[in-house]
Amino acid sequence: MQMGDNYNPYNEVLEIVRQAADLLGYAPKEYEAIKYPERELKVSIPVEMDDGSVRVFEGFRIQHSTSRGPAKGGIRYHEGVNQNEVKALAAWMTFKAAVVGIPYGGGKGGVVVDPSKLSERELRCLTRRFTAMISPIIGPDQDIPAPDVGTNAKVMGWMMDTYSMLKGHCVPGW
């Protein structure tokens, strides 16, 4: 594992997949599709801050695989999160669900932010806007967000409430 400015955790995932496939005697065509996420969504999230300024945060939702069921995975709020990290974590969620035999695929999300530096109002606005922006690809039948680093039950409650408002009825099934 190589760390540093050029470190890409998704490259590590790809190398481990290749090594595992080699050990199992798979030909590249038998695992080529699992090397790529099904869907990657990158969003820019404008938020009016308490001082009246507007800050734009970068967010991601990656669905690595839904071949075993809806994607499932956390939403990470961290100043160091990036698209390659989220992509790698989504792949690990795919593999983890398959190994333990649960009917989910792998997904993961992230927003580049230090949530401890936001007021509760700013965090709520960020969460609601992010949820609205990823809403076309989430939901109990396609992709189920969960808490992760920097998020908690309150953040998940805001997400569920926002998603429910967009759907016009309560959607507690995530």
Side-chain angles (χ1 to χ4, degrees), residues 1 7-45 58-78 80-113 127-153 155-164 166-167 169-174:
M1 179 184 342
Y7 174 66
N8 178 340
Y10 197 67
N11 287 338
E12 184 179 342
V13 169
L14 295 176
E15 179 57 20
I16 291 169
V17 166
R18 187 197 59 75
Q19 289 174 8
D22 285 351
L23 284 171
L24 295 168
Y26 290 164
K29 72 177 185 176
E30 295 175 301
Y31 66 91
E32 186 67 20
I34 200 71
K35 291 169 36 181
Y36 300 94
E38 288 177 10
R39 184 174 288 114
E40 298 182 54
L41 178 59
K42 179 180 174 185
V43 296
S44 298
I45 313 155
E58 188 174 57
F60 315 97
R61 187 67 185 176
I62 311 287
Q63 295 166 348
H64 180 261
S65 176
T66 58
S67 63
R68 294 178 47 84
K72 180 141 178 65
I75 302 284
R76 180 170 288 206
Y77 283 5
H78 190 274
V81 75
N82 63 59
Q83 191 164 355
N84 285 318
E85 178 186 30
V86 173
K87 200 159 60 166
L89 292 167
W92 289 124
M93 288 301 296
T94 295
F95 305 146
K96 185 167 62 171
V99 166
V100 299
I102 58 174
Y104 292 114
K108 204 69 166 182
V111 175
V112 183
V113 63
T127 299
R128 289 187 180 280
R129 177 64 65 96
F130 176 61
T131 304
M133 294 177 89
I134 67 170
S135 67
I137 67 165
I138 63 172
D141 295 327
Q142 56 185 346
D143 187 352
I144 307 158
D148 198 314
V149 172
T151 58
N152 55 28
V155 170
M156 291 299 107
W158 291 329
M159 288 190 81
M160 193 276 295
D161 182 61
T162 302
Y163 184 80
S164 294
L166 292 169
K167 293 298 177 185
H169 58 90
C170 185
V171 185
W174 62 351

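Sequence positions, counted from 1, serve as the residue numbers for this chain.
Separating the OG atom in Ser44 from the CZ atom in Arg129 is a distance of 11.0 Å, to the nearest 0.5 Å. The CD1 atom of Ile134 sits 6.0 Å away from the CZ atom of Arg61 when rounded to the nearest 0.5 Å. To the nearest 0.5 Å, atom CG of residue Leu166 and atom OG1 of residue Thr131 are 8.5 Å apart. Interatomic distance, Lys35 NZ to Tyr31 OH, rounded to the nearest 0.5 Å: 5.5 Å. Here the straight-line distance linking atom CD of Glu40 with atom CG of Asn84 works out to 8.0 Å at 0.5 Å rounding. Atoms CG and CD, from Leu14 and Gln19 in turn, are 11.5 Å apart once rounded to the nearest 0.5 Å.
Side-chain contact check for Pro147 versus Asn152: every heavy-atom pair is 4.5 Å or farther apart. By the 4.5 Å heavy-atom criterion applied to side chains, Val111 and Ile45 are counted as neighbours.
Under 4.0 Å is where a charged nitrogen must lie from a carboxylate oxygen, and between Asp143 and Lys72 no such pair does. A salt bridge links Arg18 with Glu15: the distance from a Lys NZ or Arg NE/NH1/NH2 to an Asp or Glu carboxylate oxygen falls below 4.0 Å.
More than 12 non-hydrogen atoms from other residues, nucleotides or ligands lie less than 6.0 angstrom from CZ of Arg76.
Between Ile34 and Val17, the shortest heavy-atom distance links the atoms CG2-CG1, 4.1 Å. Of all non-hydrogen atoms in Phe130 and Phe60, the two that sit nearest each other are CZ-O, 3.5 Å. Here the closest non-hydrogen pair linking Pro140 and Pro70 is O-CG, 3.8 Å. Closest non-hydrogen pair, Arg68 versus Ile102, comes out as NH2-O, 3.2 Å. In terms of heavy-atom proximity, Thr162 sits nearest to Ala132 at CG2-N, 4.2 Å. Heavy-atom minimum distance, Glu85 versus Pro9: CA-CG, 3.6 Å.
Without hydrogens or angle criteria, Thr94 side chain to Gly106 main chain gives a donor-acceptor distance under 3.5 Å. For the pair Thr151 (side chain) and Ile75 (backbone), a donor-acceptor distance under 3.5 Å is present. Looking only at distances, a side-chain donor or acceptor of Gln63 sits under 3.5 Å from a matching main-chain atom of Ile137. At distances below 3.5 Å, at least one donor-acceptor pair connects side-chain atoms of Glu38 with backbone N or O atoms of Thr66.
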side-chain contact (heavy atoms from CB on, under 4.5 Å), that's the test. Do Glu12 and Tyr7 meet it? Break it down for me.
CA-CA 9 Å; Glu12 184 179 342; Tyr7 174 66; 2.5 Å; yes
Going through the distances and angles, do Val155 and Tyr77 end up as a side-chain contact (heavy atoms from CB on, under 4.5 Å)?
CA-CA 10 Å; Val155 170; Tyr77 283 5; 4.0 Å; yes
Just do the side-chain contact (heavy atoms from CB on, under 4.5 Å) check on Glu58 and Val43 with the steps written out, would you?
CA-CA 6 Å; Glu58 188 174 57; Val43 296; over 6 Å; no
Going through the checks in order, is the side-chain contact (heavy atoms from CB on, under 4.5 Å) test met by Asn82 and Val86?
CA-CA 6 Å; Asn82 63 59; Val86 173; over 6 Å; no
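Between Phe95 and His64, the distance from one ring center to the other falls under 6.0 angstrom.
A cation-pi contact, defined as under 6.0 Å to the ring centre and within 45° of the axis, links Lys87 to Tyr10.
The ring-ring contact (aromatic ring centres under 6.0 Å, His included) search around Tyr104 returns none, not counting sequence neighbours.
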